[in-house]
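Take a look at the structure set out below.
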Number of protein chains: 2
Amino acid sequence: MAARTVPTRNAARVATAVGELRAQGSRVTKARVAILEVLSTSEAHQSADDVAKAVGEIAPGVHRATIYRTLDSLVSAGLVAHTHLGHGTAVYQLTIAPHAHLQCQRCGLVIDVPQSNLRAVGKRLLDDFGFTLDPGHSALLGVCASCRQADVLQSV
Amino acid sequence: MAARTVPTRNAARVATAVGELRAQGSRVTKARVAILEVLSTSEAHQSADDVAKAVGEIAPGVHRATIYRTLDSLVSAGLVAHTHLGHGTAVYQLTIAPHAHLQCQRCGLVIDVPQSNLRAVGKRLLDDFGFTLDPGHSALLGVCASCRQADVLQSV
DNA sequence: TTCGATGCAAATAGTTTGCATTCTA
DNA sequence: TAGAATGCAAACTATTTGCATCGAA
(Lines give C-alpha, C1' and ligand atoms only; values in the text may rest on other atoms or scores of the structure.)
Protein backbone atom coordinates (compact mmCIF):
# COMPACT_ATOMS: atom_id res chain seq x y z
CA MET A 1 0.00 0.00 0.00
CA ALA A 2 1.28 3.40 -0.92
CA ALA A 3 2.42 5.59 1.90
CA ARG A 4 -0.22 8.04 2.89
CA THR A 5 1.10 11.50 3.06
CA VAL A 6 -1.66 12.57 5.37
CA PRO A 7 -0.01 13.56 8.64
CA THR A 8 -1.11 11.42 11.53
CA ARG A 9 -2.41 13.25 14.52
CA ASN A 10 -1.32 12.07 17.87
CA ALA A 11 -4.58 11.96 19.79
CA ALA A 12 -2.97 11.01 23.06
CA ARG A 13 -0.61 13.91 22.99
CA VAL A 14 -3.42 16.29 22.20
CA ALA A 15 -5.50 14.89 25.03
CA THR A 16 -2.66 15.38 27.47
CA ALA A 17 -2.18 18.97 26.37
CA VAL A 18 -5.90 19.69 26.60
CA GLY A 19 -5.96 18.24 30.09
CA GLU A 20 -3.08 20.46 31.07
CA LEU A 21 -4.91 23.48 29.68
CA ARG A 22 -7.92 22.67 31.81
CA ALA A 23 -5.74 22.12 34.84
CA GLN A 24 -4.29 25.58 34.39
CA GLY A 25 -7.75 27.11 34.29
CA SER A 26 -7.54 28.00 30.63
CA ARG A 27 -10.48 27.38 28.36
CA VAL A 28 -10.56 24.65 25.79
CA THR A 29 -11.78 26.04 22.51
CA LYS A 30 -12.09 24.89 18.93
CA ALA A 31 -9.13 27.02 17.92
CA ARG A 32 -6.87 25.72 20.65
CA VAL A 33 -7.67 22.10 20.03
CA ALA A 34 -7.14 22.58 16.31
CA ILE A 35 -3.76 24.18 16.90
CA LEU A 36 -2.71 21.43 19.26
CA GLU A 37 -3.80 18.84 16.72
CA VAL A 38 -1.80 20.52 14.01
CA LEU A 39 1.25 20.63 16.22
CA SER A 40 0.78 16.99 17.09
CA THR A 41 0.53 15.85 13.49
CA SER A 42 4.15 15.67 12.71
CA GLU A 43 7.61 16.00 14.07
CA ALA A 44 8.25 18.77 11.60
CA HIS A 45 8.72 22.28 12.89
CA GLN A 46 5.99 24.60 11.79
CA SER A 47 5.98 28.36 11.58
CA ALA A 48 3.00 30.42 12.68
CA ASP A 49 2.08 30.63 9.04
CA ASP A 50 2.25 26.86 8.54
CA VAL A 51 0.08 26.39 11.58
CA ALA A 52 -2.43 28.91 10.29
CA LYS A 53 -2.72 27.11 6.97
CA ALA A 54 -3.08 23.67 8.50
CA VAL A 55 -5.63 24.90 11.03
CA GLY A 56 -7.56 26.44 8.17
CA GLU A 57 -8.09 22.96 6.78
CA ILE A 58 -9.40 21.27 9.89
CA ALA A 59 -11.12 24.24 11.50
CA PRO A 60 -12.01 26.88 8.94
CA GLY A 61 -12.73 30.34 10.22
CA VAL A 62 -10.00 30.52 12.83
CA HIS A 63 -8.47 33.92 12.44
CA ARG A 64 -4.74 34.52 12.06
CA ALA A 65 -4.70 36.81 15.09
CA THR A 66 -6.04 33.91 17.09
CA ILE A 67 -3.24 31.70 15.84
CA TYR A 68 -0.65 34.14 17.09
CA ARG A 69 -2.38 34.78 20.38
CA THR A 70 -2.96 31.11 20.98
CA LEU A 71 0.57 30.05 20.13
CA ASP A 72 1.74 32.66 22.59
CA SER A 73 -0.56 31.36 25.28
CA LEU A 74 0.48 27.79 24.67
CA VAL A 75 4.12 28.75 24.95
CA SER A 76 3.41 30.58 28.21
CA ALA A 77 1.52 27.55 29.43
CA GLY A 78 4.55 25.45 28.73
CA LEU A 79 2.71 23.21 26.28
CA VAL A 80 4.50 24.43 23.22
CA ALA A 81 8.11 25.37 22.58
CA HIS A 82 9.35 27.69 19.91
CA THR A 83 12.71 27.85 18.25
CA HIS A 84 14.28 30.71 16.38
CA LEU A 85 15.68 29.60 13.07
CA GLY A 86 17.83 31.81 10.93
CA HIS A 87 16.21 34.65 9.03
CA GLY A 88 13.85 35.51 11.80
CA THR A 89 11.24 32.80 11.49
CA ALA A 90 10.17 30.98 14.61
CA VAL A 91 8.90 27.43 14.55
CA TYR A 92 6.64 25.79 17.09
CA GLN A 93 6.38 22.26 18.43
CA LEU A 94 4.67 20.46 21.25
CA THR A 95 6.98 20.24 24.21
CA ILE A 96 8.23 16.72 24.23
CA ALA A 97 11.83 15.74 24.54
CA PRO A 98 13.72 19.01 24.27
CA HIS A 99 16.28 18.96 21.53
CA ALA A 100 18.60 21.28 19.70
CA HIS A 101 18.17 22.32 16.08
CA LEU A 102 20.65 22.53 13.25
CA GLN A 103 19.54 24.50 10.24
CA CYS A 104 21.17 24.38 6.82
CA GLN A 105 21.64 27.86 5.43
CA ARG A 106 21.47 26.59 1.86
CA CYS A 107 18.41 24.39 1.74
CA GLY A 108 16.72 25.27 5.01
CA LEU A 109 16.69 21.70 6.28
CA VAL A 110 16.27 21.44 10.02
CA ILE A 111 17.95 18.58 11.84
CA ASP A 112 16.96 17.66 15.38
CA VAL A 113 19.78 16.61 17.63
CA PRO A 114 19.73 15.44 21.22
CA GLN A 115 20.73 18.11 23.66
CA SER A 116 23.48 15.89 24.90
CA ASN A 117 25.52 17.10 21.97
CA LEU A 118 25.54 20.56 23.50
CA ARG A 119 26.11 19.57 27.06
CA ALA A 120 29.86 20.08 26.94
CA VAL A 121 29.67 23.51 25.36
CA GLY A 122 26.89 24.44 27.77
CA LYS A 123 29.05 23.61 30.73
CA ARG A 124 31.94 25.52 29.28
CA LEU A 125 29.86 28.64 28.66
CA LEU A 126 28.56 28.48 32.19
CA ASP A 127 32.00 28.08 33.68
CA ASP A 128 33.72 30.70 31.57
CA PHE A 129 31.01 33.28 31.03
CA GLY A 130 28.34 32.55 33.62
CA PHE A 131 25.94 32.01 30.75
CA THR A 132 23.22 29.39 31.13
CA LEU A 133 22.63 27.96 27.69
CA ASP A 134 19.10 27.15 26.54
CA PRO A 135 20.08 24.70 23.84
CA GLY A 136 16.69 24.23 22.24
CA HIS A 137 15.76 27.84 21.80
CA SER A 138 17.77 28.87 18.80
CA ALA A 139 19.01 26.92 15.84
CA LEU A 140 22.65 26.48 15.05
CA LEU A 141 23.30 27.54 11.49
CA GLY A 142 25.62 25.82 9.08
CA VAL A 143 25.60 23.63 6.01
CA CYS A 144 24.15 20.14 5.81
CA ALA A 145 25.98 17.17 4.37
CA SER A 146 24.33 17.13 0.97
CA CYS A 147 24.69 20.86 0.36
CA ARG A 148 28.26 20.55 1.50
CA GLN A 149 28.76 17.83 -1.04
CA ALA A 150 27.25 20.01 -3.73
CA ASP A 151 29.64 22.80 -2.80
CA VAL A 152 32.62 20.54 -3.18
CA LEU A 153 31.53 19.24 -6.56
CA GLN A 154 30.85 22.72 -7.80
CA SER A 155 34.21 24.06 -6.77
CA VAL A 156 36.10 21.57 -8.96
CA MET B 1 45.41 53.41 29.77
CA ALA B 2 41.70 53.83 30.31
CA ALA B 3 39.29 52.49 27.77
CA ARG B 4 37.46 55.19 25.85
CA THR B 5 33.72 54.78 25.89
CA VAL B 6 33.14 57.21 23.07
CA PRO B 7 32.63 55.16 19.94
CA THR B 8 35.76 55.71 17.98
CA ARG B 9 35.62 55.20 14.29
CA ASN B 10 38.32 53.01 13.05
CA ALA B 11 39.60 54.85 10.02
CA ALA B 12 42.04 52.15 9.09
CA ARG B 13 39.39 49.51 9.08
CA VAL B 14 37.14 51.66 6.94
CA ALA B 15 39.97 52.34 4.52
CA THR B 16 40.67 48.66 4.18
CA ALA B 17 37.04 47.91 3.49
CA VAL B 18 36.79 50.70 0.95
CA GLY B 19 39.87 49.40 -0.80
CA GLU B 20 38.35 45.95 -0.93
CA LEU B 21 35.16 47.38 -2.41
CA ARG B 22 37.19 49.03 -5.16
CA ALA B 23 39.15 45.87 -5.75
CA GLN B 24 35.90 44.03 -6.29
CA GLY B 25 34.77 46.56 -8.85
CA SER B 26 32.04 47.99 -6.66
CA ARG B 27 31.54 51.68 -6.43
CA VAL B 28 32.48 53.72 -3.42
CA THR B 29 29.61 56.00 -2.53
CA LYS B 30 28.70 58.33 0.30
CA ALA B 31 26.16 55.83 1.61
CA ARG B 32 28.58 52.94 1.61
CA VAL B 33 31.33 54.81 3.33
CA ALA B 34 28.91 56.10 5.94
CA ILE B 35 27.66 52.61 6.65
CA LEU B 36 31.17 51.25 6.94
CA GLU B 37 32.05 54.06 9.31
CA VAL B 38 29.04 53.33 11.45
CA LEU B 39 29.94 49.67 11.58
CA SER B 40 33.51 50.53 12.46
CA THR B 41 32.59 52.81 15.33
CA SER B 42 32.04 50.22 17.94
CA GLU B 43 32.29 46.59 18.75
CA ALA B 44 28.58 46.54 19.46
CA HIS B 45 26.29 44.66 17.15
CA GLN B 46 23.92 46.91 15.29
CA SER B 47 20.62 46.07 13.64
CA ALA B 48 19.68 47.49 10.26
CA ASP B 49 17.60 50.00 12.14
CA ASP B 50 20.49 51.03 14.38
CA VAL B 51 22.67 51.47 11.34
CA ALA B 52 20.02 53.57 9.61
CA LYS B 53 19.75 55.89 12.59
CA ALA B 54 23.50 56.30 12.99
CA VAL B 55 24.00 56.86 9.28
CA GLY B 56 21.29 59.48 9.43
CA GLU B 57 23.50 61.50 11.73
CA ILE B 58 26.67 61.47 9.70
CA ALA B 59 25.16 61.37 6.22
CA PRO B 60 21.61 62.69 6.21
CA GLY B 61 19.44 61.78 3.27
CA VAL B 62 20.51 58.19 2.91
CA HIS B 63 17.33 56.23 2.35
CA ARG B 64 16.40 53.18 4.40
CA ALA B 65 16.10 51.08 1.29
CA THR B 66 19.71 51.92 0.59
CA ILE B 67 20.70 50.78 4.05
CA TYR B 68 19.15 47.39 3.46
CA ARG B 69 20.52 47.03 -0.04
CA THR B 70 23.96 48.15 1.00
CA LEU B 71 24.17 45.92 4.04
CA ASP B 72 23.24 43.07 1.75
CA SER B 73 25.92 43.98 -0.73
CA LEU B 74 28.53 44.32 1.96
CA VAL B 75 27.65 40.92 3.32
CA SER B 76 27.91 39.45 -0.17
CA ALA B 77 31.23 41.18 -0.61
CA GLY B 78 32.43 39.53 2.56
CA LEU B 79 33.11 42.83 4.28
CA VAL B 80 30.31 42.55 6.78
CA ALA B 81 28.95 39.62 8.74
CA HIS B 82 25.47 39.33 10.13
CA THR B 83 24.24 37.30 13.03
CA HIS B 84 20.72 36.20 13.80
CA LEU B 85 19.77 36.91 17.36
CA GLY B 86 16.61 35.61 18.93
CA HIS B 87 13.31 37.17 17.92
CA GLY B 88 14.28 37.55 14.32
CA THR B 89 16.52 40.57 14.44
CA ALA B 90 19.80 40.42 12.60
CA VAL B 91 22.84 42.41 13.67
CA TYR B 92 25.73 43.45 11.49
CA GLN B 93 29.42 43.91 12.13
CA LEU B 94 32.58 44.38 10.12
CA THR B 95 34.20 41.06 9.47
CA ILE B 96 37.11 40.91 11.82
CA ALA B 97 37.86 38.03 14.06
CA PRO B 98 34.87 35.76 13.72
CA HIS B 99 33.26 34.97 17.02
CA ALA B 100 30.17 33.34 18.41
CA HIS B 101 27.35 35.20 20.18
CA LEU B 102 25.51 34.43 23.35
CA GLN B 103 22.29 36.33 23.87
CA CYS B 104 20.45 36.65 27.15
CA GLN B 105 16.73 36.07 26.70
CA ARG B 106 15.89 38.25 29.68
CA CYS B 107 17.88 41.41 29.16
CA GLY B 108 19.01 41.05 25.57
CA LEU B 109 22.70 41.33 26.40
CA VAL B 110 24.96 39.93 23.72
CA ILE B 111 28.23 38.36 24.76
CA ASP B 112 30.98 37.70 22.24
CA VAL B 113 32.90 34.51 22.74
CA PRO B 114 35.83 33.11 20.80
CA GLN B 115 34.83 30.42 18.35
CA SER B 116 37.21 28.07 20.07
CA ASN B 117 34.46 27.49 22.60
CA LEU B 118 32.39 25.87 19.88
CA ARG B 119 35.13 23.91 18.21
CA ALA B 120 34.38 20.70 20.08
CA VAL B 121 30.67 20.78 19.40
CA GLY B 122 31.35 21.72 15.79
CA LYS B 123 33.51 18.66 15.31
CA ARG B 124 30.94 16.48 16.94
CA LEU B 125 28.11 17.75 14.75
CA LEU B 126 30.24 17.18 11.68
CA ASP B 127 31.16 13.66 12.70
CA ASP B 128 27.72 12.61 13.81
CA PHE B 129 25.42 14.50 11.48
CA GLY B 130 27.61 15.66 8.60
CA PHE B 131 26.66 19.19 9.56
CA THR B 132 29.24 21.93 9.09
CA LEU B 133 28.61 24.46 11.83
CA ASP B 134 28.90 28.17 11.12
CA PRO B 135 29.45 29.27 14.70
CA GLY B 136 29.18 33.00 14.20
CA HIS B 137 25.95 33.08 12.26
CA SER B 138 23.35 32.56 14.91
CA ALA B 139 23.31 33.46 18.55
CA LEU B 140 23.04 30.90 21.28
CA LEU B 141 20.18 31.83 23.56
CA GLY B 142 20.17 31.46 27.31
CA VAL B 143 20.37 33.50 30.47
CA CYS B 144 23.28 35.69 31.52
CA ALA B 145 24.88 35.58 34.93
CA SER B 146 23.19 38.63 36.40
CA CYS B 147 19.70 37.71 35.21
CA ARG B 148 20.34 34.24 36.52
CA GLN B 149 21.22 35.74 39.85
CA ALA B 150 18.02 37.77 39.82
CA ASP B 151 16.04 34.60 39.12
CA VAL B 152 17.53 32.85 42.09
CA LEU B 153 16.86 35.74 44.44
CA GLN B 154 13.29 36.03 43.24
CA SER B 155 12.51 32.38 43.71
CA VAL B 156 13.28 32.49 47.42
C1' DT C 1 29.42 57.76 -21.29
C1' DT C 2 27.93 53.78 -18.97
C1' DC C 3 25.95 51.05 -15.74
C1' DG C 4 25.94 50.35 -10.82
C1' DA C 5 23.92 52.70 -6.88
C1' DT C 6 20.44 55.58 -5.00
C1' DG C 7 15.95 57.96 -3.80
C1' DC C 8 11.28 57.58 -3.73
C1' DA C 9 7.02 55.50 -3.27
C1' DA C 10 4.40 51.77 -3.05
C1' DA C 11 3.93 46.93 -2.15
C1' DT C 12 4.62 43.06 0.76
C1' DA C 13 5.09 40.01 4.82
C1' DG C 14 4.60 39.14 9.43
C1' DT C 15 2.70 40.35 13.64
C1' DT C 16 0.03 43.08 17.08
C1' DT C 17 -3.88 45.63 19.10
C1' DG C 18 -8.61 47.74 20.28
C1' DC C 19 -13.05 46.63 20.54
C1' DA C 20 -17.39 44.31 20.10
C1' DT C 21 -19.08 39.63 20.20
C1' DT C 22 -19.13 34.76 21.30
C1' DC C 23 -18.92 30.78 24.09
C1' DT C 24 -16.57 27.87 27.80
C1' DA C 25 -16.88 26.83 32.46
C1' DT D 1 -23.68 34.75 34.08
C1' DA D 2 -18.72 36.29 34.04
C1' DG D 3 -14.87 36.76 31.87
C1' DA D 4 -11.67 34.38 28.81
C1' DA D 5 -11.12 33.75 23.99
C1' DT D 6 -12.25 35.01 19.41
C1' DG D 7 -13.23 37.57 14.98
C1' DC D 8 -12.53 41.52 12.56
C1' DA D 9 -10.29 45.42 10.96
C1' DA D 10 -6.87 48.38 11.21
C1' DA D 11 -2.37 49.69 12.74
C1' DC D 12 2.43 48.65 12.85
C1' DT D 13 7.18 47.17 11.97
C1' DA D 14 10.49 45.45 9.05
C1' DT D 15 11.85 44.69 4.61
C1' DT D 16 11.60 44.51 -0.50
C1' DT D 17 10.86 46.03 -5.26
C1' DG D 18 10.01 48.82 -9.70
C1' DC D 19 11.40 52.63 -11.81
C1' DA D 20 13.44 56.97 -12.91
C1' DT D 21 17.51 59.54 -11.76
C1' DC D 22 22.18 60.27 -10.28
C1' DG D 23 27.00 59.86 -10.15
C1' DA D 24 31.53 57.00 -9.72
C1' DA D 25 34.77 55.24 -12.74
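A, B, ... follow the sequence lines: proteins, then strands. Residue 1 opens every chain.
- Residues B:Ser73 and B:Ser26 have side chains not in contact (no heavy-atom distance under 4.5 Å, counting atoms from C-beta outward).
- Atom-to-atom, CG of A:Leu85 to C1' of C:dG14 comes out at 15 Å; the value is rounded to the nearest Å.
- Taking atom CG on A:Asp72 and atom P on C:dT16, their separation rounds to 6 Å, with Å as the unit.
- As rounded to whole Å, 13 Å separates atom C1' of C:dT12 from atom CZ of A:Arg64.
- Judged by distance alone, with hydrogens and angles left aside, the side-chain atoms of B:Thr66 form no donor-acceptor pair with the main-chain N or O of B:Val62 at under 3.5 Å.
- Counting any heavy atom pair closer than 4.0 Å across all strands shown, A:Gly25 reaches no nucleic acid atom.
- One N or O on the side chain of B:Asn117 and one on the backbone of B:Pro114 form a donor-acceptor pair closer than 3.5 Å.
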Taking only N/O atoms, report every protein-nucleotides 19-25 of chain D pair under 3.5 Å with atom names and distance.
residue: D:dG23; atom: N2; partner: B:Arg27; partner atom: NH1; Å: 2.6
residue: D:dA25; atom: OP1; partner: B:Val28; partner atom: N; Å: 3.4

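- Hydrophobic clustering, with ILVMFWY side chains joined whenever heavy atoms are under 4.5 angstrom apart, groups A:Tyr92 together with A:Ile58.
- Atom NZ of A:Lys30 has more than 12 neighbouring heavy atoms from other residues, nucleotides or ligands inside a 6.0 Å radius.
- The side-chain hydrogen bond (donor to acceptor under 3.5 Å, both in side chains) test with B:Thr83 singles out one residue from B:Gln103, B:Gln93, B:His45, B:His137, and that residue is B:Gln93.
- Distance CG (B:Leu71) to P (C:dA5): 14 Å, rounded to an integer number of Å.
- Atoms OH (B:Tyr92) and P (D:dA14) sit 13 Å apart, rounded to a whole Å.
- The distance between atom CZ of A:Arg32 and atom P of D:dA4, rounded to the nearest whole Å, is 11 Å.
- A:His63 has its NE2 atom 18 Å from the C1' atom of C:dC23, to the nearest Å.
- Nucleic acid contact for A:Thr70: sugar-phosphate only, since backbone atoms but no base atoms lie under 4.0 Å from a heavy atom of the residue.
- In this entry the distance linking CG of A:Leu74 with P of D:dA4 reads 17 Å, nearest Å.
- A donor-acceptor contact shorter than 3.5 Å is absent between the side chain of B:Asp127 and the backbone of B:Arg124.
- Proximity of B:Tyr68 to the phosphate of D:dT16: no side-chain N or O atom is located under 4.0 Å from OP1 or OP2.
- For the pair A:Ser73 and A:Ala65, both in contact range of DNA chain D, the more 5′-proximal nearest nucleotide belongs to A:Ser73.
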